[in-house]
Engineer: 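First the structure, which I've put down as structure tokens, then a few questions once you've had a look.
When reading the values below, keep in mind they use all heavy atoms of this one structure, side chains included, and skip hydrogens, waters and symmetry mates. Bear in mind that the values here come from a model prediction, so they are computed numbers and not experimental data.
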Amino acid sequence: MKNYIYNYLLLLLLMFGFLPMLAQSHNLSGVMSECRFVKKAANFNAEGATPCPACIELGKKDKEAKKSEDIRRLTENKAKQLAAAEALAVSEANRIKKEEAEAKAVQEIALKKDTEIKEKIVVAQNKGGTTELINVLVEGDRGDQKIVRFKVPSGVSFMEVILQEGGIGSKNSADLFVRRTINPTVSFKQYSHYTWEADCASTNLNRAQELCTFTNPEPGEWVVLVGCIDNCNYFSSNLVVKITQ
């Protein structure tokens with residue numbers, strides 16, 4: 001009997017002496033793990049509870065780790081935003097550069113064309129004859145109104161504006177309207193009738209040649225409107241402007 005009691009007491013001593021040692025390891029994922037500083041697990045914040053130094057240290061490490069992670073994410077987001085802003089700036093710079101190059105190309109083409117016209121005028125003046133100021137193909141569908149602009153130099157005694165078929169596949173079914181400085185205007189009305197405001201209009205039927213002539217035309221910009229207003233499906237015509245010094 002004494003041995004039984006002795007063994008029982010020894011077992012209790014071992015249990016209550018060994019469990020706190022397990023708790024001190026702070027392997028809190030274990031089933032029997034419990035901080036030895038906590039009087040009652042469900043009442044840790046109760047008055048008289050002793051703070052656990054190891055738990056406090058773990059809490060500090062968790063806060064530091066969270067702070068470091070927040071700083072890392074903030075730095076990463078700022079880097080992404082900076083990269084996106086730089087990419088946008090490069091894209092915008094490329095767009096502006098492309099637009100400037102296109103505008104420069106258009107200016108060069110216009111300058112070249114203007115130079116060619118001036119050279120033709122000089123040749124015509126030297127010969128005392130007629131020069132072809134422009135010769136362009138104008139195409140469109142029914143209802144289209146195509147605008148062509150050109151400049152007349154000073155000292156011109158006679159000008160012809162001609163709309164004609166240019167060859168195989170062309171169809172001169174459009175009408176011709178010419179006006180000084182501003183665009184001609186054309187308004188369609190019922191029963192194949194329409195009105196216009198222009199210095200000259202040529203509205204021959206079918207595919208006949210259209211012609212406008214001017215004596216001593218004023219120098220400066222002139223505007224041609226080529227329109228397939230009615231009774232046609234499409235047009236393909238050569239617009240020719242000739243001047244005589």
Engineer: Measure the spacing between CG of Leu176 and SG of Cys200 and express it to the nearest 0.5 Å.
Structural biologist: 6.5 Å

Engineer: Could you work out, with side-chain contact (heavy atoms from CB on, under 4.5 Å) as the rule, every residue matching Ile182, not counting sequence neighbours?
Structural biologist: Arg179

Engineer: Tell me, do Phe214 and Val178 make a side-chain contact under 4.5 Å, heavy atoms counted?
Structural biologist: yes

Engineer: A side-chain contact here means heavy atoms from C-beta on lying under 4.5 Å apart; do Cys228 and Asp144 qualify?
Structural biologist: no

Engineer: Just jot down the salt bridge (charged side-chain N to carboxylate O under 4.0 Å, His left out) partners of Glu92, sequence neighbours excluded, or say none.
Structural biologist: Arg95

Engineer: When you compare the side chain of Ile162 with that of Gln209, does any pair of heavy atoms fall below 4.5 Å?
Structural biologist: yes

Engineer: Side chain of Ser91, backbone of Ala87: donor and acceptor closer than 3.5 Å?
Structural biologist: no

Engineer: side-chain contact (heavy atoms from CB on, under 4.5 Å) with Glu76: which residues, sequence neighbours excluded?
Structural biologist: Arg72, Lys80

Engineer: Before giving the answer on side-chain contact (heavy atoms from CB on, under 4.5 Å), spell out for Glu218 and Val152 the whole-Å C-alpha distance, their side-chain angles and the decisive distance to 0.1 Å.
Structural biologist: CA-CA 7 Å; Glu218 293 184 18; Val152 175; over 6 Å; no

Engineer: Nearest heavy-atom pair of Trp196 and Ala201: which atoms, and what distance?
Structural biologist: NE1-CB, 3.2 Å

Engineer: Kindly write out the residues that satisfy side chain to side chain donor-acceptor pair (under 3.5 Å) with Glu160, not counting sequence neighbours, or none if the list is empty.
Structural biologist: none

Engineer: Residues two or more places apart in sequence or in another chain: which of them pass side chain to side chain donor-acceptor pair (under 3.5 Å) with Asp199?
Structural biologist: none

Engineer: Give the intermediate values and the outcome of side-chain hydrogen bond (donor to acceptor under 3.5 Å, both in side chains) for residues Thr244 and Ser157.
Structural biologist: CA-CA 6 Å; Thr244 302; Ser157 60; 5.4 Å; no

Engineer: Working to the nearest 0.5 Å, report the span between CG of Asn216 and OG of Ser154.
Structural biologist: 12.0 Å

Engineer: Under the side chain to side chain donor-acceptor pair (under 3.5 Å) test, which residues partner Asn204, sequence neighbours left out?
Structural biologist: Glu210

Engineer: If you take all heavy atoms of Pro184 and Ala198, which pair is closest and at what distance?
Structural biologist: CB-CB, 4.0 Å

Engineer: Hey, could you give me the NZ/CG distance between Lys78 and Leu82, rounded to the nearest 0.5 Å?
Structural biologist: 11.0 Å

Engineer: Which heavy atom of Val226 sits nearest to which heavy atom of Leu163, and what is that distance?
Structural biologist: CG1-CD2, 3.8 Å

Engineer: Out of curiosity, Lys104 NZ to Glu99 CD, how far, rounded to the nearest 0.5 Å?
Structural biologist: 16.0 Å

Engineer: Thr130 vs Lys242, test: side-chain contact (heavy atoms from CB on, under 4.5 Å). Steps then yes/no.
Structural biologist: CA-CA 7 Å; Thr130 300; Lys242 297 180 180 181; 3.9 Å; yes

Engineer: Do Leu133 and Val136 belong to the same hydrophobic cluster, where Ile, Leu, Val, Met, Phe, Trp and Tyr are linked whenever their side-chain heavy atoms lie under 4.5 Å apart, directly or via other members?
Structural biologist: yes

Engineer: Counting distance only, does the side-chain N/O of Asn77 pair as donor-acceptor with the main-chain N or O of Leu74 below 3.5 Å?
Structural biologist: no

Engineer: Going by heavy atoms in the side chains, are Val148 and Ile134 under 4.5 Å from each other?
Structural biologist: yes

Engineer: I need the single residue from Glu197, Arg149, Gln145 that forms a side-chain contact (heavy atoms from CB on, under 4.5 Å) with Asn183. Which is it?
Structural biologist: Arg149

Engineer: Between Pro217 and Met159, what is the shortest heavy-atom contact and its length?
Structural biologist: CG-CB, 3.8 Å

Engineer: Please assess Lys146 against Leu225 for the test side-chain contact (heavy atoms from CB on, under 4.5 Å), listing each intermediate value before the final yes or no.
Structural biologist: CA-CA 6 Å; Lys146 302 293 184 177; Leu225 186 152; over 6 Å; no

Engineer: Indicate whether any N or O donor in one side chain lies under 3.5 Å from an N or O acceptor in the other, for Glu139 and Ser236.
Structural biologist: yes

Engineer: Salt bridge or not for Lys66 and Asp62, using N-O below 4.0 Å?
Structural biologist: no

Engineer: Quick one: pull up CG in Asp175 and OG in Ser237 and give me the separation to the nearest 0.5 Å.
Structural biologist: 9.5 Å

Engineer: Should Arg73 and Glu69 count as an ion pair when the cut-off is N to O under 4.0 Å?
Structural biologist: yes

Engineer: Heavy atoms only: give me the nearest Asp141-Phe235 pair and the separation to one decimal.
Structural biologist: O-CE2, 3.9 Å

Engineer: Contact between Ile147 and Val223 at the side-chain level, heavy atoms closer than 4.5 Å - yes or no?
Structural biologist: yes

Engineer: Would you give the length of the straight line joining atom CZ of Phe158 to atom CD1 of Ile243, rounded to the nearest 0.5 angstrom?
Structural biologist: 12.0 Å

Engineer: Are the side chains of Phe177 and Val186 in touch, meaning some heavy atoms are under 4.5 Å apart?
Structural biologist: yes

